[in-house]
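Start at 1 with the first residue, then count along the sequence.
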Amino acid sequence: MLRTVKPKTARTKRFFKNRESKVHENPKTALIVHGSTTSQRVNDALKDIYALKRANGVHFTKKNELRPFEDEEKLEFFSNKNDASLIVIGAHQKKRPHNLTFVRMFNHQVLEMIELGIDYCQVMSQIPGAKAAVGMKPVLVFNGELFDSNTKMQQIKNYFLDFFNGEESDAVNLEGLEYVISFTATAEDKISMRTYTIHMKKSGVRTPRVELENMGPNFDFVLRRTLAPKRELWKNAIRVPTEVKKTKTKNVEKDDLGDTYGRIHVGQQQLNKIQTRKMKGLKKRANESDDEDQDASKKQKVATAEADE
């Protein structure tokens, strides 16, 4: 365990204050760690994953004796020391060859783990062409109904959305969309990952024509072991601070397209008391007044006859 250090200088105080919990958290840091034994395929995969996460990533090239599913203390040590909530561990064993373990932490405690085996790997260096700039957020696409119906696939989808999220932004600039990562669930335990660069070309209209070019890395994963998050820990992890919650405005709603609708209360209307504009068109004609007088006299005669009876 790490010893508790009491800050003595202003620089140390700022360092520890930056690590404290915030309403708007810092971008999550990912640790790329090599296990005790690795293969060339695992090394290439870790190198390219770090290249995609370089802006908010730390790559440990030295080998470390880590067994994520058996010993969580070392993971908590790495997370606490580097203030990282995402860890990717590469290993190669006879029982589980070409293995990647994706770990997510909360409050420096293991929240969940996903173990994926690499069946196919094509790194960026094997594909000619331009690459995306460092620090750019990718467009994530998830293909397949399993990402919505299968519990483990939903867990994988949620993890990668968090892994490649980066800094939060309120608006999107089309020129800033440089590459897209596509995940396809081909079976209940098979996932293919493909990475493409985005090229905006002239189309003659306002909306540009989009073309995709293979950039890499490309992987075919097979799902192995998983560790589901604990209920209490997950409940604390997804809790939204009160300062971030939007105050609900009464009688105001938004539809799926983002249009805002308001509802107002209108009291009982008395149309007979509405003052209309005096104009010739609204005046009663002579024949209409005579008809109304005849109707009134008939009603009066009927009323007197009923009274006599």
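In this structure, Tyr120 contributes its side chain and Ser192 its backbone to no donor-acceptor pair below 3.5 Å. Between the side chain of Asn150 and the backbone N or O of Met153 there is at least one donor-acceptor pair closer than 3.5 Å. Proximity of a side-chain donor or acceptor of Arg41 to a complementary backbone N or O of Cys121 within less than 3.5 Å is not detected. The closest donor-acceptor contact from the side chain of Ser79 to the backbone of Ala84 lies under 3.5 Å. With Asn64 contributing its side chain and Lys62 its backbone, the two residues share a donor-acceptor pair below 3.5 Å.
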(message) Run Gln40 and Asp44 through side-chain hydrogen bond (donor to acceptor under 3.5 Å, both in side chains) and show every step you take.
(response) CA-CA 6 Å; Gln40 185 61 39; Asp44 294 340; 2.9 Å; yes
(request) List the steps, then state whether side-chain contact (heavy atoms from CB on, under 4.5 Å) holds for Arg263 with Lys250. (result) CA-CA 9 Å; Arg263 186 186 305 167; Lys250 190 177 181 180; over 6 Å; no
(message) For Ile114 and Gln155: C-alpha separation, side-chain torsions, deciding distance, then whether side-chain contact (heavy atoms from CB on, under 4.5 Å) applies.
(response) CA-CA 8 Å; Ile114 303 168; Gln155 182 182 358; 4.0 Å; yes
(message) Could you walk me through whether Asn158 and Arg104 satisfy the side-chain hydrogen bond (donor to acceptor under 3.5 Å, both in side chains) test, starting with their C-alpha distance in whole Å, then the side-chain angles of each, then the deciding distance to 0.1 Å, before giving a yes or no?
(response) CA-CA 11 Å; Asn158 186 276; Arg104 179 156 53 174; 2.7 Å; yes
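Interatomic distance, Ile181 CD1 to Leu52 CG, rounded to the nearest 0.5 Å: 5.0 Å. With rounding to the nearest 0.5 Å, the separation of CD in Glu112 from CD1 in Ile156 is 10.0 Å. The distance from the CD atom of Glu178 to the CD1 atom of Ile198 is 9.0 Å, given to the nearest 0.5 Å. Atom CG of residue Leu86 and atom CD1 of residue Ile32 lie 9.0 Å apart, to the nearest 0.5 angstrom. Atom OG1 of Thr61 sits about 12.0 Å away from atom NZ of Lys47, to the nearest 0.5 Å. Distance check, rounded to the nearest 0.5 Å: CZ of Phe221 to CG of Leu100 gives 6.0 Å.
Under the 4.5 Å side-chain contact rule for hydrophobic residues, Ile49 and Val180 do not share a cluster. Using a 4.5 Å cut-off between side-chain heavy atoms of Ile, Leu, Val, Met, Phe, Trp and Tyr, with links allowed through other members, Val210 and Val172 fall into the same hydrophobic cluster. Residue Leu140 is not grouped with residue Leu212 when hydrophobic side chains (ILVMFWY) are merged at heavy-atom distances under 4.5 angstrom, including chains of intermediate members. Linking ILVMFWY side-chain heavy atoms closer than 4.5 Å, directly or via other members, places Val222 and Leu46 in two distinct hydrophobic clusters. Hydrophobic clustering of Ile, Leu, Val, Met, Phe, Trp and Tyr side chains at less than 4.5 Å, counting indirect connections, unites Leu161 with Phe147.
Residue Glu167 qualifies as open at atom CD: its count of foreign heavy atoms under 6.0 Å is 12 or below. The environment of Glu70 atom CD is dense: over 12 non-hydrogen atoms of other residues, nucleotides or ligands sit within 6.0 angstrom. More than 12 heavy atoms of other residues, nucleotides or ligands lie within 6.0 Å of CZ in Arg96, so this atom counts as buried by the packing criterion.
Ion pairing of Lys74 with Glu65 is absent here, as no side-chain N (NZ or NE/NH1/NH2) approaches a carboxylate O to less than 4.0 Å. Ion pairing between a basic and an acidic side chain is recognised when a charged N comes within 4.0 Å of a carboxylate O; Lys201 and Glu213 show no such pairing. Between Asp189 and Lys152, no side-chain nitrogen of the basic residue sits less than 4.0 Å from a carboxylate oxygen of the acidic one, so the salt-bridge criterion is not met. The pair Glu115-Arg224 does not count as a salt bridge, with every side-chain nitrogen at least 4.0 angstrom from each carboxylate oxygen.
The ring-ring contact (aromatic ring centres under 6.0 Å, His included) analysis of residues 240-267, with sequence neighbours excluded, yields no pairs. Judged as a ring-ring contact (aromatic ring centres under 6.0 Å, His included), not a single pair has a partner in residues 185-204 (not counting sequence neighbours). Pairs passing the ring-ring contact (aromatic ring centres under 6.0 Å, His included) check and including a residue from residues 92-118, sequence neighbours excluded, read His92-His98, Phe102-Tyr159, Phe102-Phe160.
A heavy-atom distance below 4.5 Å is not found between the side chains of Gln154 and Lys157. Taking 4.5 Å as the limit, some side-chain heavy atom of Thr260 sits within range of a side-chain heavy atom of Val252.
The two residues Gly135 and Ala55 make their nearest non-hydrogen contact at CA-CB, 3.6 Å. Asn143 approaches Ser182 most closely through the heavy-atom pair ND2-OG, 3.0 Å. Residue Lys190 comes nearest to Asp119 through the heavy atom pair NZ-OD2, 3.4 Å, listed as atom of the first residue, atom of the second, then distance. The minimum heavy-atom distance between Ser36 and Lys63, with the atom names listed, is O-CD, 3.2 Å. Of all the heavy atoms in Thr195 and Pro217, the pair that sits closest is OG1-O, 2.9 Å. In terms of heavy-atom proximity, Phe219 sits nearest to Arg194 at O-NH1, 2.8 Å.
Through direct or indirect side-chain contacts shorter than 4.5 Å among Ile, Leu, Val, Met, Phe, Trp and Tyr, Leu75 is connected to Leu31, Val33, Val58, Phe60, Leu66, Phe69, Phe78, Ile87, Ile89, Val103, Met105, Val110, Met113, Leu227.
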Could you go through residues 124-131 and list every donor-acceptor pair under 3.5 Å that involves a side-chain atom there, pairing it with any protein atom two or more places apart or in another chain?
unit_1, atom_1, unit_2, atom_2, d
Lys131, NZ, Met124, O, 3.1
Lys131, NZ, Ile127, O, 2.8
Lys131, NZ, Met215, O, 3.2

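For the pair Lys53 and Phe163, the cation-pi test (distance below 6.0 Å, angle within 45°) is passed.
Side chains of Thr29 and Asp83: a donor-acceptor N/O pair is absent below 3.5 angstrom, by distance only.
A search for ring-ring contact (aromatic ring centres under 6.0 Å, His included) contacts involving Phe164 returns nothing, not counting sequence neighbours.
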